[in-house]
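This one's a predicted model, so the numbers in the text were calculated from it and none came from an experiment. So you know, we letter chains A, B, ... as the sequences are listed, proteins then strands, and number each from 1.
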Amino acid sequence: MDSAEETAVVESHQNSRHAELGLSDETVVEMYYRLVQARTVDEKMWTLHRQGKIHFIISCRGQEGIQIGSAFALRRGEDFVMPYYRDTGVALVLGMTPRDLMLSVFAREADPASGGRQMPGHFGYPRLRIITGSSPVATQLPQAAGVALASKIKGEAAVTAVYFGDGATSKGDWHEGLNFAGIHKLPVVFICENNGYAISVPQNKQMAIRDIADRAAGYGFPGIIVDGNDVLASYTVTKQAVQRALKGDGPTFIEAKTFRVAPHSSDDDDRRYRSREEVEEWKRRDPIERFKRYLEEVNLLDDSLDQRIREMVLEEVNEAVDFAEKSPLPSREDLMKYVYYNS
Amino acid sequence: MDSAEETAVVESHQNSRHAELGLSDETVVEMYYRLVQARTVDEKMWTLHRQGKIHFIISCRGQEGIQIGSAFALRRGEDFVMPYYRDTGVALVLGMTPRDLMLSVFAREADPASGGRQMPGHFGYPRLRIITGSSPVATQLPQAAGVALASKIKGEAAVTAVYFGDGATSKGDWHEGLNFAGIHKLPVVFICENNGYAISVPQNKQMAIRDIADRAAGYGFPGIIVDGNDVLASYTVTKQAVQRALKGDGPTFIEAKTFRVAPHSSDDDDRRYRSREEVEEWKRRDPIERFKRYLEEVNLLDDSLDQRIREMVLEEVNEAVDFAEKSPLPSREDLMKYVYYNS
Amino acid sequence: MAEKTVIEAIREAMAEEMRRDSSVIVLGEDVGVHGGVFRATDGLYKEFGPNRVIDTPLAESGIVGTAIGASFNGMRPIAEIQFADYIHPAMDQIMNEAAKVRFRTKGAFSCPIVVRAPYGAGIHGGIYHSQSVEALFYHIPGLKIITPCTPYDAKGLLKAAIRDEDPVLYLEHKKTYRRIKGEIPEQDYTVPIGVADIKREGDTISVVTYGMMVHVALGAAEKLVQEGISLEIVDLRTILPLDTETVKRSVKKTNKVIVLYEDTRTGGVGAEISAILAEDLFDHLDGPIVRITAPDTPVPYAPTLEEVFVPNEQHIIEAARKLAHY
Amino acid sequence: MAEKTVIEAIREAMAEEMRRDSSVIVLGEDVGVHGGVFRATDGLYKEFGPNRVIDTPLAESGIVGTAIGASFNGMRPIAEIQFADYIHPAMDQIMNEAAKVRFRTKGAFSCPIVVRAPYGAGIHGGIYHSQSVEALFYHIPGLKIITPCTPYDAKGLLKAAIRDEDPVLYLEHKKTYRRIKGEIPEQDYTVPIGVADIKREGDTISVVTYGMMVHVALGAAEKLVQEGISLEIVDLRTILPLDTETVKRSVKKTNKVIVLYEDTRTGGVGAEISAILAEDLFDHLDGPIVRITAPDTPVPYAPTLEEVFVPNEQHIIEAARKLAHY
Ligand SMILES: Cc1ncc(C[n+]2csc(CCOP(=O)(O)OP(=O)(O)O)c2C)c(N)n1
Ligand SMILES: Cc1ncc(C[n+]2csc(CCOP(=O)(O)OP(=O)(O)O)c2C)c(N)n1
Ligand SMILES: [Mg+2]
Ligand SMILES: [Mg+2]
């Protein structure tokens, strides 16, 4: 249950949806484990925030389906991944640990993404090929084209997967990044987590179209729509996009329809701009519950295994919190370090 | 022959293409006059540049078809027009005079667009609703949305027509401008003069698609392709777009396929990046010659009228050069003026 | 007179100007239904409707570009940039378009827009929710930049900015929003752009500053009184154009000056103040022109690092002591 | 040694570095087939092919963003911005991304890119082909800014920039491209970043400057000799980080200083130099710190206006006379 790479079919259930996709039973249970892990990390962070122990958190809740599904289609340490701030699930699948993430919310020196220099939610880990992200929305899009361009120049068989929200599609940088990737048929997978809102701004104030995927045609590559709360569907379209990229056929744009069931961040109050009914409706479509039902149907999960997984995760997350809390803050003398190479 | 507004059918040839479009004989002859005028102004500027009398010029040559055709579909002084630097033809139809343009190439104080503060090719005239343009490519796109937004807020029945090249479509501002106009169904007509090059960069290095008009779908409004060297076709699609906008149906994107037969500017040497054959091929499709043939076919033009028109235009242009040359440069003391309202 | 916070003053200024002049519109991310992430536009959507209070797409260049275009067609748009940290994509529209349009058209076109942006550190915002951006825009002829620090100034200056014929960058220090309270008159008033304000009289040292640092300086001044050191606090209020007269008058009186800014040191706005004084008041200076600033680093998130990043009272007290005895 | 122009030096530096290191790539508008609108990349496309010399779409933010991404994956991209006037859309990528990435990752990521841009006035380029942009980027910790003015420095500094681990903004004064010639060694060399150069020794007044103004100052110095005024010309070469030691050493010797820049006055790079000297060398100064700069306006197109915009020898001569007798 520790590697996203074991996707070979091992004893899979005949005729099951995941077997058809070439996913082993073990892998889909691991997917479930990751879903629970992401959710638990998120819940813990909210608790820590309420307790006043940390200043800020930004939430993956509701979007774990596309995050875990797509990330399982990426080859850890081989493909480049550029998660955006909401991608706790992606970061966990690709190899960042609950400890790493807790170190970040506590702004600790040992936080591998930033040493407490940056807000939480800005993942990054060179060894895992998780490319650092910033807060300005959509700056990562031309950067993704650049990462992939370098792969192309070097002749390296790596794909760059870049994540962003629906709001990000409105930025000039988004356009410039997609355009460049299209021209050079770069191995990029664009993954848009369309949760219907950019903070309070609903999709119909963000764009005049229903399906963002329609825009891909304007850049000369396919745009795919997927139910982002369906883990296996998310896995499938990403896997296909990765294969397409590796074949040299260029980028794919994936629009995952999903929803953020939490407020935008710990600073937000989403009751100001959307109804409880809308949120409740989407809670009923929770990707984790849905995947759980699937695993139960194919007899890969029962209450006792679920219980075990949840306990395991909780223990791991609690341990991570303890570890992070005890870990030291950056020391005041180090402020000027890391501005320049030799500073 | 001095107003773009007289588009009512006066004695038009039955069954002729222009009569079907509701264009009078007088109007199509005026169109021809404008084509010749634009070309003559352009040629004169090149001559002045070769003579070392002026520092810089940028050329409309080859693109007069879409420029004159579309501009005739706009209502002078009512619709807002945002030409780009190549739009000598648009500026002339909308009411700027050869004098105005010559004052600009000579950087004279009386230049109405800038008083010699800005390079030539940056048109602007508040009274004519020609909105000032700058050199940074594509900045005018969100501005066009803004002009039209103001019209919408005021309930004013005006359309904003904004012009730009194929290269401009790659800029973030282009995307942001179209997106905003689409969301608010603003009365904007986007006119792309696709001449196949951004200086030396050919279209296939600028984008991965053949028809830029395809991108309009991504903003929720129609994209129309037109032969930009066909004056009447250019007129027609623009007219339809204006009507659509006035009805409140929102923007239209027009892609006019055309070609710049001159170098990019007086600083450019286009032999460095494209074959003479390509240029010659397009010279054979010259929009002016083509329109001339049309007028001859419908018996509205013969050699003697053509001669008269050319003489008239030349006289006007020569007079404009004399006038501009004698006109004073900005005075040194005025440098600090016009930085702030009360400076 | 009623006591208000800075954010209330800003909101009131917009509401009153929108009532007074139907060409005033507001646009930006989350400014409509939501009322702004800092609630600066709270209530405006309800009162003025979606035509005049516009929730824009997430596109800062587009927001400013749209505002510029609307201003060409008779509007007086107020564009909100959600955090000053996100203003940079709009740099081109602000510096090449808004600020240059009057000059490049010899006055035929003008661009009366206001770009509002919350800035400043000290609120645990980290690297991308804490930046001071004024210095990056300080080098743009044609632009005006306002940095108020009290409710009175915030309201009066925002009204002046909205009525001004030139593009104005109106920077709001986030930390003043709810922390700083003050009296505001009931009736309409403006505070003139380009006029500094002596927030405290003194005669030992002039402290030239703006924004949140005015309050920090006032705190330091309070503590230095007992040592016989009397600081004169000059609040620039407008940093572009600079009120050099008021600054010079103060320095001619005290003959010593501390230039204080929260922004990082190199190339900060205060460098210009030092440069002007070092040239024009050379004979009046009885000591070096001391700068107190943030160090040249991005703004860190961890509280330990942010603590040493932002200039504080202690820095001022120590510098003032040294300079007083120079 | 061979005599070369500045543009030749720049071209050679890129070609040699590309030969030396296969991770060096060039991207920008018209840099490939065309060889650049100023011909800086002439021949590179032919030698290194379309994989390493990339004609980009017209999108400055995209160009720099792509370069940043490529640098995260092992490349050392040189991004050309066709004119510095068009760099502003890339401001966000430069200041929020390239310059902050080392800090925000505690050194785990770095961004070794070079952004080249031709800048400067005096070539009839008008408002959008003449701007000096260095001051707008001067306030960005994490960035380095180079402004060479001779072929020797241009080549050596560009090579140093390409090899540097940090993002570098390399500004080329257009007017030096073909006008300024000089000897260049045959063998490989670099000029260290962050080290100023005394282009002429003198003892009456230090003139601290960079770019094209170095040559203007040298001309003025020539003429002032006969009046017994001896200017020391300090060419900063790198403006960020600033070589304060060399500047201070010079001013400690002459005790008088003129800060000269072609850029507009308010908030210019020279303001920082004045500020540093007014604080650190107060006791060494025998006169005001004089600034000679362009006035605070956009760059005008008409020759009459451009003439009075750009600082010239006469300005320096007059200021030096006055200061010498102070
Ligand atoms: C350039 C920029 N502008 C504004 C912000 C403030 N902001 C942070 S997230 C956000 C909304 C993003 O929406 P979306 O892309 O849909 O992602 P989501 O948060 O919904 O997952 C905004 C406006 C920012 N970070 N960057
Ligand atoms: C933002 C920006 N980058 C670069 C330039 C330099 N430049 C001027 S025109 C041009 C090409 C524009 O091509 P296109 O939009 O196709 O218009 P065309 O000149 O072909 O009519 C370039 C690169 C500029 N003016 N603005
Ligand atoms: Mg969203
Ligand atoms: Mg073109």
Side-chain angles (χ1 to χ4, degrees), chain B residues 54-56 85 104 106-109 111 114-120 122 134-139 165-175 197-208 264-265 267-270 272-274 328-340 343, chain D residues 27-39 41-42 45 50 54-63 65 81-90 92-93 123-131 174 264-266 294-310:
Chain B
I54 59 176
H55 287 297
F56 179 83
Y85 48 76
S104 165
F106 280 104
R108 296 314 203 230
E109 178 70 8
D111 153 32
S114 87
R117 268 83 179 155
Q118 178 147 242
M119 274 187 156
H122 296 79
S134 65
S135 305
V137 164
T139 48
D166 44 305
T169 65
S170 298
K171 288 271 311 178
D173 266 8
W174 182 86
H175 173 67
Y197 286 90
I199 308 186
S200 77
V201 179
Q203 190 182 333
N204 67 355
K205 290 270 178 69
Q206 196 71 238
M207 65 192 80
H264 172 74
S265 75
D267 287 341
D268 184 38
D269 174 4
D270 65 333
R272 291 181 65 86
Y273 54 82
R274 58 186 188 180
L329 281 161
S331 92
R332 289 169 177 74
E333 294 70 53
D334 286 349
L335 175 62
M336 299 294 297
K337 277 186 184 169
Y338 312 111
V339 179
Y340 291 100
S343 68
Chain D
L27 71 170
E29 295 156 15
D30 306 291
V31 299
V33 177
H34 184 293
V37 296
F38 288 102
R39 308 277 194 276
T41 56
D42 202 15
Y45 184 82
I54 302 164
D55 272 323
T56 65
L58 205 170
E60 284 74 11
S61 184
I63 292 168
I81 300 295
Q82 196 160 84
F83 285 86
D85 310 67
Y86 306 133
I87 200 172
H88 309 103
D92 194 40
Q93 288 285 357
I123 49 100
H124 305 300
I127 192 167
Y128 296 114
H129 299 84
S130 304
Q131 295 176 56
K174 291 186 285 290
T264 57
R265 186 180 198 81
T266 298
D296 285 329
T297 79
V299 190
Y301 182 59
T304 40
L305 298 178
E306 188 174 23
E307 209 179 287
V308 287
F309 178 87
V310 183

With sequence neighbours excluded, tell me which residues meet side-chain hydrogen bond (donor to acceptor under 3.5 Å, both in side chains) with B:D173. C:S61, C:Q93
To the nearest 0.5 angstrom, please state how far the NZ atom of D:K174 sits from the CZ atom of D:F83. 6.0 Å
Heavy-atom pairs under 4.5 Å with chain D are the metric here; pick the option from B:S114, B:A168, B:P120 that has the most. B:P120
Counting heavy-atom pairs under 4.5 Å to chain B, which of D:P295, D:A302, D:G62 comes out on top? D:A302
B:Y340 and D:D296: side chain donor to acceptor below 3.5 Å: no
Electrostatic pair D:D30:B:R272 at N-O distance under 4.0 angstrom: no
Please look at B:S331 and chain D and tell me whether the side chain, the backbone, both or neither of the residue comes under 4.5 angstrom of a heavy atom of that chain. backbone
Heavy-atom cut-off 4.5 Å, strictly under: side chain, backbone, both or neither for D:V37 against chain B? side chain
Which bit of B:V339 comes within less than 4.5 Å of chain D, counting heavy atoms only: side chain, backbone, both or neither? side chain
Please say whether the positively charged group of B:R117, taken as NZ for Lys or CZ for Arg, lies over the ring of B:Y338, i.e. under 6.0 angstrom from the six-membered ring centre and within 45 degrees of the axis. no
Using a 4.5 angstrom heavy-atom cutoff, name the option from D:G125, D:G35, D:P298 with the most pairs to chain B. D:G125
Measuring heavy-atom distances to chain D, does B:D111 have an atom under 4.5 Å in its side chain, in its backbone, in both, or in neither? neither
The interface call for D:Y45 against chain B, heavy-atom contacts under 4.5 Å, is side chain
Keeping the roles fixed (side chain from B:Q118, backbone from D:I127), state whether a donor-acceptor pair exists under 3.5 Å. no
Count the heavy-atom pairs under 4.5 Å between each of B:G116, B:S135, B:S134 and chain D, then report the option with the highest count. B:S135
Who are the side-chain hydrogen bond (donor to acceptor under 3.5 Å, both in side chains) partners of D:T304, not counting sequence neighbours? none
Verify side-chain contact (heavy atoms from CB on, under 4.5 Å) between D:Y301 and D:S130, making sure each step is shown before the conclusion. CA-CA 9 Å; D:Y301 182 59; D:S130 304; over 6 Å; no
Find the one option among B:A107, B:A138, B:A198, B:S170 whose heavy-atom pairs under 4.5 Å with chain D are most numerous. B:S170
Taking side chain as everything from C-beta outward and backbone as N, CA, C, O, which of these in D:E307 sits under 4.5 Å from a heavy atom of chain B? Side chain, backbone, both or neither. side chain
Report which part of D:H129 has an atom under 4.5 Å of a heavy atom belonging to chain B: side chain, backbone, both, or neither. side chain
